[in-house]
Visitor: 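This is the structure I have questions about; it appears just below.
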Amino acid sequence: MGSPDNRAQESLTGFPDDRAGDFVLDFPTAVAPDYRNRSSLATSPPLFVLRVPESAHPDGVDRVVRELRSALTDNGNLVPLAHLSTEDDSELLSETAGFRLMMGTPRHMTPERFPNFLVMRDLIAFIRGNRDAWRGGPQARELRRHASEQRAQRGGPLAFTRMEGPNPDGLVGFLMRISWLSFVQRLPKWLWARWTSRRVIRRWLGAERIAAGGKNLYRVMDTVGAVWSSQLRNDPEHQEALQQLDQLLFRALLEDLRNPPVGGVLPRRRRRTSRPVILVELPPPARDGSRAAERFLRSVHDASATARPPGPLVVAVGLPSQTLLNDLGDPAEVGFAQAAARLSEKDGPPVLVSFSTEALGKRGLDLRKVAPRRFRFGWTVPAAIMACVSLLVAGTAGGLIARQVLGDRSCVGGTASLASRTAATPTDPKGWYDAAVREIGVQNRRAEKAAADGKTIRTVVAFESSVPKDENETRFDGTIPELRGIAMWQKKLLDITVSNDRVVGLRVDVRPTGASFANAVPEAKRLVAQVRQQAVDKNIPAYSRIVGVLGYAQSRQETRGALEVLGAAGIPAVGTTATADEMSAGSANLSYWPFTPSNSTEARIEADFASGRNIVAAPGSGDGCSPARRALIIESSADLYSRSLADKFRAAFPGGTQVFDFNQDGRFEPGPTTNATSMSSADDLAHALCGALRAEPATVVYWSARARDFTAFIDAMDTQGTCTADDVTVLGGNELTNVALTGAFNDKGWLRLYYSAHRLPATDPRASEKTREFVDAYTAFVKRTTKGADPWVQDGHSAVSYDAFHALSQAVNQARQPNGEVLPQAPVVALRGGVTFDGATGWVSYGQGTNAPPTDKTLVLLRQLSDRTEAVVVCGAYQQGASSREEGPPCSRSR
């Protein structure tokens with residue numbers, strides 16, 4: 001159950017009532033007026049900044065944004081919508097806004113193309129990704145080639161240029177290859193690039209100051225790129241360069257949002273029934289993400305000065321800095337009544353409105369949903385009829401090109417079935433658990449002997465869940481591989497202390513905390529009392545003095561409560577695979593460092609992956625897939641991890657969603673806005689999902705509930721067999737890793753399973769040398785300590801605990817005083833100062849002064865096959881030098 005404070009916060013619903021009745025009444029009409037009055041959409045409304053007091057952050061911002069979003073969505077967007085939030089100050093939010101609007105446009109509503117935004121995005125990506133290129137001279141030709149190649153990769157008229165040419169032998173073959181290269185591949189791209197340059201320059205860029213009278217798009221970008229690349233080369237987060245890039249992107253986006261014109265009789269012209277909306281979360285000054293958000297608002301303000309209407313409605317919610325307000329023209333603060341009148345205003349200066357603390361502390365006003373006119377079919381229907389007639393005349397050659405235009409429909413991760421004749425890998429729960437604990441005991445005795453020989457030795461506590469009792473508990477729990485990783489790093493650390501007196505060796509006190517960490521809070525309180533006793537009792541051996549905590553592999557109310565207890569006492573803790581952002585809430589933020597990427601990061605990557613990549617098998621097709629247009633989200637509302645991941649995925653996924661609250665124990669805590677359907681029967685859930693899949697085949701099942709419930713659901717689906725004639729695509733989090741790798745689903749040929757992990761498989765060519773070394777050492781460790789086949793050689797739990805222990809031990813080393821003393825709270829200071837190393841999970845770099853997970857930490861999406869896993873998305877610093885920013889979607893829009 002949630003805490004009283006959480007329940008009180010959840011009860012504060014509605015738009016805060018600061019005499020905001022007129023604003024609440026006029027907002028939906030300003031976004032989507034009556035169809036007869038749609039000419040009002042031809043305007044560009046001013047920028048709105050809704051200021052929330054710093055004392056109300058972040059709950060106040062979340063509440064206001066949630067209410068505005070709820071008016072604009074209903075199991076999918078009702079209007080073109082982009083919701084922007086970030087913790088990365090190097091992110092260009094104009095890029096994110098463009099992609100969100102592209103993916104978040106409701107069906108049968110234009111604009112459906114973003115040619116100016118996409119070509120400018122490609123050119124800016126080249127500048128940011130090739131900062132050293134201008135040292136070799138002008139790059140206009142390379143910019144042109146890059147833009148045309150990117151356009152060809154997106155399909156459409158240039159898709160055929162990527163087809164392989166003829167390859168006969170001899171002189172004839174040589175001439176054919178030259179002709180193909182010149183007239184089929186290069187010439188169309190050159191013509192497209194020339195036409196695009198002329199269109200962009202004439203329509204808008206030529207009038208911008210940045211063009212300086214230039215007549216060629218690529219020469220203009222080459223000139224400014226030389227300056228920006230040098231600034232970014234000296235400082236990857238150079239604020240002036242990023243501001244110029246962001247503003248240029250948003251100006252290109254504004255040009256695309258002008259079309260189609262409002263009114264008229266042509267199909268594309270009559271589709272503008274609402275205006276696009278961009279919601280921006282604005283953190284307080286100096287907080288992570290504040291510079292990126294303020295940069296975007298400057299871009300909105302500056303780019304709007306030269307753009308022609310119509311334009312989007314941009315609403316920023318948060319705390320603007322005085323510097324930002326000065327850059328926006330220092331707008332005078334108005335009340336909500338005046339702000340309501342400005343909703344229908346044409347252009348005009350920004351509008352600044354402030355919420356009072358009192359209004360944010362009580363229930364607010366209901367904000368009705370927008371009601372734009374819907375259409376039964378897209379504008380493409382009449383065009384498609386004409387295209388069909390043309391195709392009948394075009395013949396075989398036209399058919400070949402048409403297939404290329406339709407784009408690549410190959411399935412991500414291939415079409416191979418999950419089914420295998422191989423039975424699930426047998427496990428030995430007690431034997432494997434005892435073997436890992438026994439190995440830790442061996443290393444503890446080594447540590448105590450080293451202490452007797454004069455070495456500096458201290459103790460860390462590893463909090464784990466209960467000892468697995470049977471094979472099912474073993475498959476649903478990562479305790480065994482996590483303990484193996486801890487034992488492996490402890491041995492390596494003690495090996496290092498043999499020759500290096502400056503390194504602090506560590507004992508490990510493994511403490512079970514009950515099933516699902518049920519006793520985490522009382523165990524944490526017992527530890528706090530023990531640490532306080534050690535501080536005053538000088539007779540306690542130095543090697544047994546506790547200097548840190550490791551573990552808490554699951555995000556639960558119990559583990560979050562335990563971290564708050566440790567945080568209040570100042571005891572340093574490094575997490576393992578707990579990923580919920582909420583784990584760092586309250587006093588836990590004082591001394592807790594998560595190790596794996598947060599749910600907000602994972603959900604954004606998975607939402608972009610599901611909506612942008614071909615993962616859903618087409619009905620009746622053996623080798624064709626498409627992106628997901630709809631998501632069926634399975635959560636357990638009473639589970640912190642599940643609720644957190646589901647909510648963030650639902651907010652990030654651009655298509656329609658339907659939420660099912662599934663818990664076999666019947667524990668539910670429904671939220672105010674999800675409208676989830678609660679179920680405790682796996683059979684009922686399977687039946688409901690089958691109906692939804694039949695209604696919309698291009699649907700992904702997003703699983704955020706626990707692995708035990710997932711297994712029950714899969715068995716129910718397989719037993720009923722009512723919708724397994726075609727493949728069912730499931731995308732889930734790291735919770736599914738353990739059970740999937742044991743081969744529990746090897747007989748489910750209808751299941752297409754993707755899930756997240758925290759290190760690359762060693763078989764992947766992108767895996768770092770450290771990852772490969774770890775897998776070799778892990779294999780040797782398992783062979784030495786246990787018997788039988790091991791299902792988790794490619795699992796990330798052991799590598800995560802190995803690296804997390806490494807991070808904690810490095811902080812302890814940095815906290816060691818010259819006399820060998822390590823004060824209990826000193827590792828907190830060391831962790832806050834930053835820890836960096838190359839680890840088994842990739843490059844690990846904790847930023848200074850923050851309790852966030854390591855910067856750009858590795859996150860992998862795996863496709864489970866019958867005999868292996870295949871990495872289909874790899875984001876983050878999986879080796880030094882790798883970066884999500886340069887890895888492309890879905891990674892680049894998520895950090």
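The figures that follow rest on heavy atoms only: side chains count, while hydrogens, waters and symmetry mates do not. Along the sequence shown, the residues carry numbers beginning at 1.
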Visitor: Take the angle between the ring planes of Y552 and F517 and call it parallel below 30°, perpendicular above 60°, tilted in between.
Guide: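 Y552 and F517: tilted rings.
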Visitor: Can you tell me how far the CG atom of L753 sits from the CG atom of L731, to the nearest 0.5 Å?
Guide: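 Between atom CG of L753 and atom CG of L731 there are 8.5 Å.
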Visitor: Please say whether the positively charged group of R484, taken as NZ for Lys or CZ for Arg, lies over the ring of W792, i.e. under 6.0 angstrom from the six-membered ring centre and within 45 degrees of the axis.
Guide: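 Because its charged atom misses either the 6.0 Å distance or the 45° angle limit, R484 does not stack over W792.
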Visitor: Looking only at side chains, do N444 and Q490 share a donor and an acceptor under 3.5 Å apart?
Guide: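 Indeed, the side chains of N444 and Q490 share at least one donor-acceptor pair under 3.5 Å.
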Visitor: Does the side chain of Y754 reach to within under 4.5 Å of the side chain of E606, using non-hydrogen atoms?
Guide: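 Side-chain contact under 4.5 Å: no.
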Visitor: Given side chains that start at C-beta, do those of E582 and L640 come closer than 4.5 Å, heavy atoms only?
Guide: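 In short, these two side chains touch, coming nearer than 4.5 Å.
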Visitor: Decide yes or no for Y702 and I634: does some side-chain heavy atom of the first lie under 4.5 Å from some side-chain heavy atom of the second?
Guide: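 Counting from C-beta outward, Y702 and I634 never come under 4.5 Å.
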Visitor: Check whether any side-chain N or O of R863 sits under 3.5 Å from a backbone N or O of G413 as a donor-acceptor pair, and report yes or no.
Guide: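 Between the backbone of G413 and the side chain of R863 there is a qualifying donor-acceptor contact (under 3.5 Å).
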Visitor: Under 3.5 Å, is there a donor-acceptor pair linking the side chains of D581 and S600?
Guide: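 Yes, S600 and D581 have a side-chain donor paired with an acceptor closer than 3.5 Å.
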Visitor: Would you indicate whether the side-chain heavy atoms of Q817 and L823 approach each other to under 4.5 Å?
Guide: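 With C-beta onward as the side chain, the pair touches.
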Visitor: Work out which heavy atom in A562 is nearest to a heavy atom in A520; give both atom names and the distance.
Guide: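 That would be CB-O, 3.5 Å.
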Visitor: Less than 3.5 Å apart, any donor N or O on the side chain of T841 or K857 sitting next to an acceptor on the other?
Guide: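 Yes, side-chain donor-acceptor contact under 3.5 Å.
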Visitor: I need the minimum non-hydrogen distance between D795 and P481, along with the two atoms involved.
Guide: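 The pair with the smallest heavy-atom distance is OD2-CG, 3.8 Å.
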Visitor: W843 and side-chain contact (heavy atoms from CB on, under 4.5 Å): which partner among D856, T836, T858?
Guide: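 Result: among D856, T836, T858, T836 is the only option passing the side-chain contact (heavy atoms from CB on, under 4.5 Å) with W843.
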Visitor: Quick one: does any side-chain atom of N813 pair with a main-chain N or O of V503 as donor and acceptor, under 3.5 Å?
Guide: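 A pair under 3.5 Å: no.
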Visitor: From S584 OG over to L563 CG, what is the distance, rounded to the nearest 0.5 angstrom?
Guide: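 Answer for the OG-CG pair, S584 versus L563, is 8.0 Å.
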Visitor: Answer yes when D495 and R446 have at least one side-chain N-carboxylate O distance shorter than 4.0 Å, and no when they do not.
Guide: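 Answer for the salt bridge query: yes.
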Visitor: Between L494 and V498, is there a side-chain heavy-atom distance shorter than 4.5 Å?
Guide: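 The answer is no, as the side chains (C-beta and beyond) never meet within the 4.5 Å cut-off.
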Visitor: Does any N or O in the side chain of R507 come within less than 3.5 Å of the main-chain N or O of I457, such that one atom is a donor and the other an acceptor?
Guide: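 No, the answer is negative, given that no donor and acceptor are paired below the 3.5 Å cut-off.
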Visitor: Are any non-hydrogen side-chain atoms of R708 and Q664 less than 4.5 angstrom apart?
Guide: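 R708 reaches Q664 side chain to side chain.
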Visitor: Between S801 and T576, does a side-chain hydrogen bond (donor to acceptor under 3.5 Å, both in side chains) hold up when you go through it step by step?
Guide: CA-CA 6 Å; S801 63; T576 52; over 6 Å; no
Visitor: Hey, are S544 and T459 close enough side-chain-wise for a donor-acceptor pair under 3.5 Å?
Guide: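 Result is no, nothing qualifies.
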Visitor: My understanding is that only one of Y846, F805, Y592 makes a side-chain contact (heavy atoms from CB on, under 4.5 Å) with V574; could you say which?
Guide: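 Only match with V574 under side-chain contact (heavy atoms from CB on, under 4.5 Å): Y846.
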Visitor: With distance as the sole test, does S884 use its side chain to make a donor-acceptor pair with the main-chain N or O of C875 at under 3.5 Å?
Guide: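 Not confirmed, S884 side chain does not pair with C875 backbone.
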Visitor: Which atoms form the tightest heavy-atom contact between Q879 and S768, and what is the distance?
Guide: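 For Q879 and S768, the tightest heavy-atom pair comes out as CB-CB, 3.9 Å.
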Visitor: With a cut-off of 6.0 Å (strictly less than), are more than 12 heavy atoms of other residues, nucleotides or ligands near NZ of K648?
Guide: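 Buried by this count: over 12 neighbours within 6.0 Å.
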Visitor: Less than 4.0 Å between a side-chain N and a carboxylate O, is that true for D776 and R772?
Guide: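 No, this pair does not count.
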Visitor: Whether the side chain of K455 engages the backbone of T497 through a donor-acceptor N/O pair (distance < 3.5 Å, no angle test) should be reported.
Guide: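 The answer is yes, because a donor-acceptor pair under 3.5 Å joins these two groups.
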Visitor: Salt bridge or not for E669 and R643, using N-O below 4.0 Å?
Guide: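 The answer is no: the pair does not qualify as a salt bridge.
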Visitor: Establish, from distance only, whether the side-chain atoms of T577 and T596 form a donor-acceptor pair under 3.5 Å.
Guide: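 No, no side-chain donor-acceptor pair sits under 3.5 Å.
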Visitor: Is any side-chain heavy atom of W703 less than 4.5 Å from a side-chain heavy atom of F713?
Guide: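 Sidechains of F713 and W703: in contact.
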Visitor: Would a distance-only check, ignoring hydrogens and angles, find a side-chain to backbone donor-acceptor pair under 3.5 Å from R556 to A518?
Guide: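 No, the answer is negative, given that no donor and acceptor are paired below the 3.5 Å cut-off.
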Visitor: Does the S809 side chain pair with the main chain of H806, one donor and one acceptor, at a distance under 3.5 Å?
Guide: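 A pair under 3.5 Å: yes.
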Visitor: Enter the distance from E602:CD to R604:CZ here, rounded to the nearest 0.5 Å.
Guide: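 With rounding to 0.5 Å, CD (E602) is 11.0 Å from CZ (R604).
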Visitor: Measure the CG-CG distance between N734 and L862 for me, rounded to the nearest 0.5 Å.
Guide: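 Here the rounded value is 9.0 Å.
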Visitor: How far apart are the closest heavy atoms of S636 and A705, and which atoms are they?
Guide: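 Heavy atoms of S636 and A705 come nearest at OG-CB, 3.5 Å.
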Visitor: Between E523 and R526, does any NZ, NE, NH1 or NH2 come within less than 4.0 Å of an OD or OE carboxylate oxygen?
Guide: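 Answer for the salt bridge query: yes.
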Visitor: Between the side chains of D434 and K430, is the shortest nitrogen-to-carboxylate-oxygen separation below 4.0 Å, so that they form an ion pair?
Guide: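 Salt bridge present between K430 and D434.
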Visitor: Taking the basic N atoms (NZ, or NE/NH1/NH2) and the acidic carboxylate oxygens, is any pair closer than 4.0 Å for E887 and R766?
Guide: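 No, this pair does not count.
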Visitor: Considering only heavy atoms from C-beta outward, does the side chain of T579 approach that of H758 to under 4.5 Å?
Guide: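 Yes. Closest side-chain heavy atoms under 4.5 Å.
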Visitor: Compute whether any side-chain donor of one residue and acceptor of the other, for Y641 and E735, lie under 3.5 angstrom apart.
Guide: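 No - no donor-acceptor pair under 3.5 Å links their side chains.
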Visitor: Consider only side-chain N and O atoms of S644 and N599, and report whether a donor and an acceptor are under 3.5 Å apart.
Guide: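 A donor-acceptor contact under 3.5 Å links the two side chains.
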Visitor: Between E464 and R511 (salt bridge meaning N to carboxylate O under 4.0 Å), is one present in this structure?
Guide: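 No, no charged N to carboxylate O under 4.0 Å.
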Visitor: Hydrogens and angles aside, do Q794 and T869 bring a side-chain donor and acceptor to less than 3.5 Å of each other?
Guide: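 Result is no, nothing qualifies.
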Visitor: If the test is side-chain contact (heavy atoms from CB on, under 4.5 Å), which one of V460, V528, L527 qualifies with I546?
Guide: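 Among V460, V528, L527, the one meeting side-chain contact (heavy atoms from CB on, under 4.5 Å) with I546 is L527.
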